Every structure is written in structure tokens, then in C-alpha cells.
Amino acid sequence: MLQLEKESADIAHSFFLNQKYDILQAINTHLEAVLREKRSLRQRLAKPLCQENLPIEASYHRFVAELLPLAVKFIEKLDFYIQTIHTIPQIPECAKNMDNALIRMEALEADLEEVTEQILTWRETQNKLLQKSLQVSAEESSSSIKASTSYLSIENLHR
């Protein structure tokens, strides 16, 4: 029993529990104060940390006037710049993926060329077969026309 009490003393002992309870009470009162002053805190956070006008010597006004638009553009694009910086470590992996994709595309291109050649040779053979069959049918039809026209000749009509 003493061993168990010794091992769990930091969790179950009333002294430590009172300390944790006091800490929780302090956090709770702080959060309640934050919730009560939420509107004023928002207004304070919305205000810039610096003054609205910066004291700049007159001789530097021209340079500041040139610099401010550049600073505004930089701040507008800052998220993009940060994303670009975060992607820099991924560039080698992206390049490797692009190389793999290029190799696959070249393999597919070779396959496509081979299939295209097969289709062209098949088309040529089909055209040759079609021409042969058309010649055979034309010869058959011309011989049947000659045979059928022989009895329609002028000589046969007079008989």
C-alpha cells in the first residue's frame, strides 16, 4: 500500500492536487478576463504596432516613396514566396518523377509507333485484297455482260 502511495503521490496527494487546482483556477480566471475583454483585445490587435506616421528625414522622402510600393508588392506576394521556399527541398523528387514520366512517355511513343506501323501494313494488305477482289468481280461481271449482250446484238434482233 505504501509502495502504491509512493508511486502515485504526485498524482493523488492532496498537496499536489491543491497546487494543480490553483494553477487551473489561475488559468480559468485569465481566460474569463480575456473573454470579458474580447472586444477591446480585438481593437488593440487590429491597431498597428507602430505609429501611423514614421519620422523620416526629408532627404530620404523620395527614396521612401519609391520603396513603399515595392514593399507592398513584396508583402502581397509573401505567401507565394514562402510556399516557393518550402517546395525547394522537394525539387529533386519532382525532377525524378518528371524523368520517370518522360521515360514512360518515350516507351509509350515507341509502342504507338509500332502499332501505327502494324495498322499501316494491315491497311495496305486490306487495300490489296480489296483491289484483287474488285478486279475479280469486275472480270466476272464483264464476262457476264459480254455473254448477256451477245444475244442482244443487232444480228440476233433481225432473226
Side-chain angles (χ1 to χ4, degrees), residues 7-8 10-11 16 20 23-24 26-157:
E7 290 174 357
S8 63
D10 62 335
I11 300 170
F16 294 110
K20 290 179 182 179
I23 292 170
L24 284 174
I27 292 172
N28 188 29
T29 55
H30 174 72
L31 289 176
E32 286 176 352
V34 167
L35 287 175
R36 273 186 256 126
E37 298 178 14
K38 186 165 82 171
R39 178 175 288 154
S40 64
L41 286 174
R42 279 188 183 167
Q43 290 173 350
R44 282 179 47 201
L45 289 173
K47 287 183 183 178
L49 296 176
C50 62
Q51 300 173 354
E52 289 188 18
N53 53 7
L54 298 173
I56 297 173
E57 292 182 28
S59 61
Y60 298 120
H61 282 202
R62 180 177 56 133
F63 300 115
V64 170
E66 294 173 4
L67 181 66
L68 281 177
L70 296 174
V72 169
K73 287 179 185 176
F74 177 78
I75 291 170
E76 287 175 350
K77 295 180 180 181
L78 186 61
D79 288 335
F80 175 73
Y81 295 148
I82 291 172
Q83 288 175 351
T84 304
I85 290 170
H86 285 303
T87 58
I88 287 173
Q90 299 170 354
I91 289 175
E93 183 179 335
C94 292
K96 190 182 298 180
N97 290 342
M98 286 175 54
D99 288 341
N100 291 338
L102 182 62
I103 290 169
R104 280 191 227 136
M105 284 178 52
E106 289 172 350
L108 290 173
E109 179 187 10
D111 291 344
L112 182 64
E113 287 177 1
E114 184 178 323
V115 169
T116 304
E117 288 177 13
Q118 290 175 357
I119 289 172
L120 290 175
T121 56
W122 178 81
R123 179 188 270 174
E124 288 175 6
T125 56
Q126 293 300 318
N127 282 338
K128 287 178 184 177
L129 290 174
L130 181 64
Q131 287 175 356
K132 286 181 182 178
S133 66
L134 288 176
Q135 286 175 355
V136 169
S137 64
E139 289 173 2
E140 289 175 358
S141 64
S142 67
S143 64
S144 64
I145 291 173
K146 286 179 185 175
S148 61
T149 54
S150 64
Y151 72 89
L152 292 175
S153 64
I154 298 175
E155 296 170 2
N156 289 336
L157 287 176

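The first residue of the sequence shown is numbered 1, and numbering continues consecutively from there. Predicted model only: the values in this text are computed from it and were never measured. Values reported hereafter were calculated over all heavy atoms of this structure, with side chains retained and with hydrogens, waters and symmetry mates removed.
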Visitor: Rounded to the nearest 0.5 Å, how far apart are CG of L78 and CD of Q83?
Guide: 10.0 Å

Visitor: Which ring pair (Phe, Tyr, Trp, His ring centres under 6.0 Å) pairs, counting each pair once, include a residue from residues 71-106, with sequence neighbours left out?
Guide: F74-Y81

Visitor: Can you measure from CD (Q135) to CD (E139) and round to the nearest 0.5 angstrom?
Guide: 6.5 Å

Visitor: Mind checking the CD1-OG1 spacing from I82 to T87? Nearest 0.5 Å is all I need.
Guide: 12.0 Å

Visitor: Can you name the side-chain contact (heavy atoms from CB on, under 4.5 Å) partners of V34, sequence neighbours left out?
Guide: H30, L41

Visitor: Could you list the residues that satisfy side-chain contact (heavy atoms from CB on, under 4.5 Å) with E93, not counting sequence neighbours?
Guide: N97

Visitor: State, to 0.1 Å, how close P69 and A65 come at their nearest heavy-atom pair, and which atoms those are.
Guide: CD-O, 3.1 Å

Visitor: For L134 and S137, work out which heavy atoms get closest and say how close.
Guide: O-OG, 2.9 Å

Visitor: Residues two or more places apart in sequence or in another chain: which of them pass side-chain contact (heavy atoms from CB on, under 4.5 Å) with E57?
Guide: S59, Y60

Visitor: Residues two or more places apart in sequence or in another chain: which of them pass side-chain contact (heavy atoms from CB on, under 4.5 Å) with I23?
Guide: I27

Visitor: So how far is it from L31 CG to R36 CZ, rounded to the nearest 0.5 Å?
Guide: 10.5 Å

Visitor: Tell me the closest heavy-atom pair linking S133 and L130, and the distance in Å.
Guide: OG-O, 2.8 Å

Visitor: Enumerate, atom names and distances included, each donor-acceptor pair closer than 3.5 Å involving a side-chain atom of residues 103-123, sequence neighbours excluded.
Guide:
{"unit_1": "T116", "atom_1": "OG1", "unit_2": "L112", "atom_2": "O", "d": "2.6"}
{"unit_1": "T121", "atom_1": "OG1", "unit_2": "E117", "atom_2": "O", "d": "3.2"}
{"unit_1": "T121", "atom_1": "OG1", "unit_2": "Q118", "atom_2": "O", "d": "2.8"}

